[in-house]
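These notes are about the structure you will find just below.
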Amino acid sequence: MLRLFDTAAGEVLPLEPREPGRVSMYVCGPTVYAPPHLGHGRFSLVFDVLRRYLEWSGFAVTYVSNITDIDDNIIKRANEEGRSTDEVVADNERVWYEVMDALGVKRPTHDPHATAYVAEMVELIGELIDRGVAYVTDDGIYFSAQSVADYGLLARQSIDSLQAGARIEVGEQKRSPIDFVLWKFSKPGEPRWPSPWGDGRPGWHTECVVMSLDLLGEGFDIHGGGQDLAFPHHENERAQAVADGKRFANHWVHNGFVVVEGGEKMSKSLNNFVNLAELVETADPRSYRLLVLRAHYRSPVEVTKASTADASEALARLDAFARRAHAAEVVASPDGVTGAEPDVVVVDEFRRRMDDDLDTPGAVALLFTTVHRAHSAFDEGRDDEGRALAAAALELCRAVGLELHGEAAAVPDAILAKAAARDAARAAKDWATADALRDELVADGYVVEDTPNGTQVRPG
RNA sequence: GGCGGCGUAGCCGAGUGGCCCAGGCAGGGGCCUGCAAAGCCCUAGACGUGAGUUCGAUUCUCACCGCCGCCUCCA
């Protein structure tokens, strides 16, 4: 069984699904006011890998990831651009899914939008007021953090120490610095929804409580997100659910940050974000997945030109291997690997590593070792062994969503004609002509390889 | 100030009280090739500093130095 670090417990614990054979997970999605950045890519990939691994292991996974489509940043952006918040949201949500598709991130089972759940949020806020844990002020409705005895669980700090570091923004009417806003009364010109206490909009922390409980029910299995969401966002979600008498998430999973060159976190206040769409356009998106897989999900990962280039080289090795496997008729598809039974020892070892708190670096190391062993087996004519190892390697890739390019990409006829001409020249031992043709093919942007079947070309 | 993490070969990045070892990229020598490419074989190098525990520490303990995160918007 999979063991995962649980932020609330502070240790690695077995994942014990609420229902046998089914895993329910909620992963905090983006606020769509700007294009996604590398950090979004990381959490999406980390949880996509977790989801795929669970599915590969035989679980039916319900994966919910929200779209926050109302918040201060969206309003600010709409004002700056002289557009409606709806337009800002629509544009950025479209880009979000384009980039997710490019990264090979599976679409969520459900992607609830905050604005579709305002009535339910108002209802929850009413219950919290009735229970005496929320209070109304001139500017909004706040949650009283002290009313939850173990507030600070996810921050792993006491209420006192949190209070010592907290502060109140100008204009806020909190009773305590660690209290947080549930409902903001709207100012003129701002989007608004009705509530018994006055028109306004929800605070950020309420939507995820309502949407996760609605779509997954009480005591759902996994709640995930970036490490910076553990506190205050997840802490505050949990506080509301607990105060409302609900069983909330069972297992809290948080991924580490993306850091820029020099090891500093990418963050809003430092304004050092790198746009994810740019990365996806300028590099093979699969190399980001490989980069994410090569680091443990809780460790920081440095994403730079150099580290992506490094991952691309490693990926090229895997693609070259997939071509060789393909030639040996071992082929991967989304449904499985055909052509040979995967080597059981390798697959078991993979499972053992992944079950150990999602040890993807260990799994990647195993993958490369297996690729190496398969090459050797083929080189030495042990074809059955090579195919079994190749099938295992492809199966591992499939389990973590790493798609390899085993089939030659389509090549225009003109290029194929040059390759054929080169073969003819080589047969005639006309090396000068053969080399000239190779230079031309390379100049056309192709990689040229000699094989027993003649010149093979593919886009480089 | 409070809480927490990290420091591993040229670079990225795992891991372990000793034993043969992560892995990738880059490097060196060789095989294969008409020459390449891909692949294979061999190879080099490391555990921030100081002390302690131990027969033995990169791995455990303490101190120190350095870097980073959370306590504020953030994935």
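Fair warning: this is a prediction, and the values are worked out from it, not measured in the lab. Within every chain, numbering begins at 1; the chains are lettered A, B, ... in the order of the sequence lines, protein sequences first and strands thereafter. Because only heavy atoms are used, hydrogens play no part in the values below, and waters and symmetry mates are left out as well, while side chains stay in.
Atom P of nucleotide B:rG13 and atom CZ of A:Arg42 are separated by 10 Å, given to the nearest angstrom. Atom C1' of nucleotide B:rU72 and atom CG of A:Leu229 are separated by 14 Å, given to the nearest angstrom. A:Glu302 places its CD atom 12 Å from the P atom of B:rA14, with the value rounded to the nearest Å. B:rC71 atom P lies 15 Å from atom CZ of A:Phe180, rounded to whole Å. Rounded to a whole Å, the CZ atom of A:Phe350 is 18 Å from the P atom of B:rG23. The separation between A:Arg298 atom CZ and B:rG4 atom P is 16 Å, rounded to whole Å. Taking atom CG of A:Asp356 as the reference point, atom C1' of B:rA14 lies 11 Å away to the nearest angstrom. For the pair A:Lys305 NZ and B:rC12 P, the interatomic distance rounds to 17 Å; values are reported in whole Å.
The nucleotide whose nearest atom lies closest to any side-chain atom of A:Glu313 is, among B:rC25, B:rG2, B:rC70, B:rC25. The listed nucleotides are B:rA14, B:rA75, B:rG24; the one nearest the side chain of A:Asp310 is B:rG24. Looking at the side chain of A:Asp228, the nearest of the listed nucleotides B:rC74, B:rG23, B:rG13 is B:rC74. The side chain of A:His37 lies closest to B:rC74 when the candidates are B:rC74, B:rC71, B:rG23. The side chain of A:Phe368 lies closest to B:rG24 when the candidates are B:rG2, B:rG24, B:rA14.
Judged by the 6.0 Å distance and 45° axis criteria, A:Arg175 is not positioned over the aromatic ring of A:Tyr142. Relative to the six-membered ring of A:Tyr446, A:Arg458 misses at least one condition, a distance below 6.0 Å or an angle of at most 45° to the axis. Seen from the ring of A:Tyr63, A:Arg51 counts as a face-on cation partner, given the 6.0 Å and 45° thresholds.
Classification of A:Asp435 and A:Arg438 as a salt-bridged pair holds, one side-chain N sitting under 4.0 Å from a carboxylate O. A salt bridge links A:Lys184 with A:Asp72; the closest basic N to acidic carboxylate O contact falls under 4.0 Å.
Taking atom P in both B:rG4 and B:rC62, the straight-line distance is 13 Å, to the nearest Å. B:rU59 and B:rG17 have their P atoms separated by 11 Å, with the value rounded to a whole Å. Annotation: B:rG45 and B:rA36 have their P atoms spaced 28 Å apart (nearest Å). Taking the C1' atom of each, B:rU58 and B:rU8 are spaced 8 Å apart, rounded to whole Å. Here, B:rA37 and B:rG28 have their P atoms 12 Å apart, quoted to the whole Å. Comparing B:rA57 with B:rC42, their C1' atoms are spaced 30 Å from each other, to the whole Å. Comparing the C1' positions of B:rA22 and B:rU16 gives an interatomic distance of 10 Å, to the nearest angstrom. For the C1' atom pair drawn from B:rC60 and B:rU53, the interatomic distance equals 8 Å after rounding to whole Å.
Among the atoms of the strands shown, base atoms are found under 4.0 Å from some heavy atom of A:Phe257. Heavy atoms of A:Val27 sit nowhere under 4.0 angstrom from any nucleic acid atom. Nucleic acid contact for A:Ala314: sugar-phosphate only, since backbone atoms but no base atoms lie under 4.0 Å from a heavy atom of the residue. Looking at heavy-atom distances under 4.0 Å, A:Pro36 makes no contact with the nucleic acid at all. Within 4.0 Å (heavy atoms only), A:Gly256 reaches at least one base atom of the nucleic acid.
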What does the 5'-to-3' dot-bracket notation of RNA chain B look like when only Watson-Crick and G-U wobble pairs under 3.5 Å count, and pairs to other strands show as |? (((((((..(((.....[....))).(((((.......)))))....(((((..]....))))))))))))....

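A distance-only check finds a donor-acceptor pair linking the side chain of A:Glu190 to the backbone of A:Lys187 [under 3.5 Å].
Side chains of A:Ser158 and A:Asp160: a donor-acceptor N/O pair is absent below 3.5 angstrom, by distance only. Judged by distance alone, the side chains of A:Tyr151 and A:Asn236 do bring a donor and an acceptor atom under 3.5 Å apart.
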Taking it one step at a time, do A:Lys76 and A:Glu81 satisfy salt bridge (charged side-chain N to carboxylate O under 4.0 Å, His left out)? CA-CA 9 Å; A:Lys76 184 164 169 255; A:Glu81 297 176 358; over 6 Å; no

A:Leu367 vs A:Leu318, test: side chain to side chain contact (heavy atoms under 4.5 Å, CB included). Steps then yes/no. CA-CA 9 Å; A:Leu367 169 63; A:Leu318 293 177; 4.0 Å; yes

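The side-chain heavy atoms of A:Tyr297 and A:Thr360, taken from C-beta on, include no pair separated by under 4.5 Å.
OP1 or OP2 of B:rC11 has not a single side-chain nitrogen or oxygen of A:Ser307 nearer than 4.0 Å.
Surrounding CD of A:Gln456 are more than 12 heavy atoms belonging to other residues, nucleotides or ligands, all under 6.0 Å away.
Taking for each of A:Gln157 and A:Ile178 the nucleotide of RNA chain B with the nearest heavy atom, the 5'-most of the two is the partner of A:Gln157. Taking for each of A:Ala311 and A:Leu38 the nucleotide of RNA chain B with the nearest heavy atom, the 5'-most of the two is the partner of A:Ala311.
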With B for base contact, S for sugar-phosphate-only contact and - for none (protein heavy atoms under 4.0 Å), nucleotides 32-44 of chain B reads --BBBBSSSS---

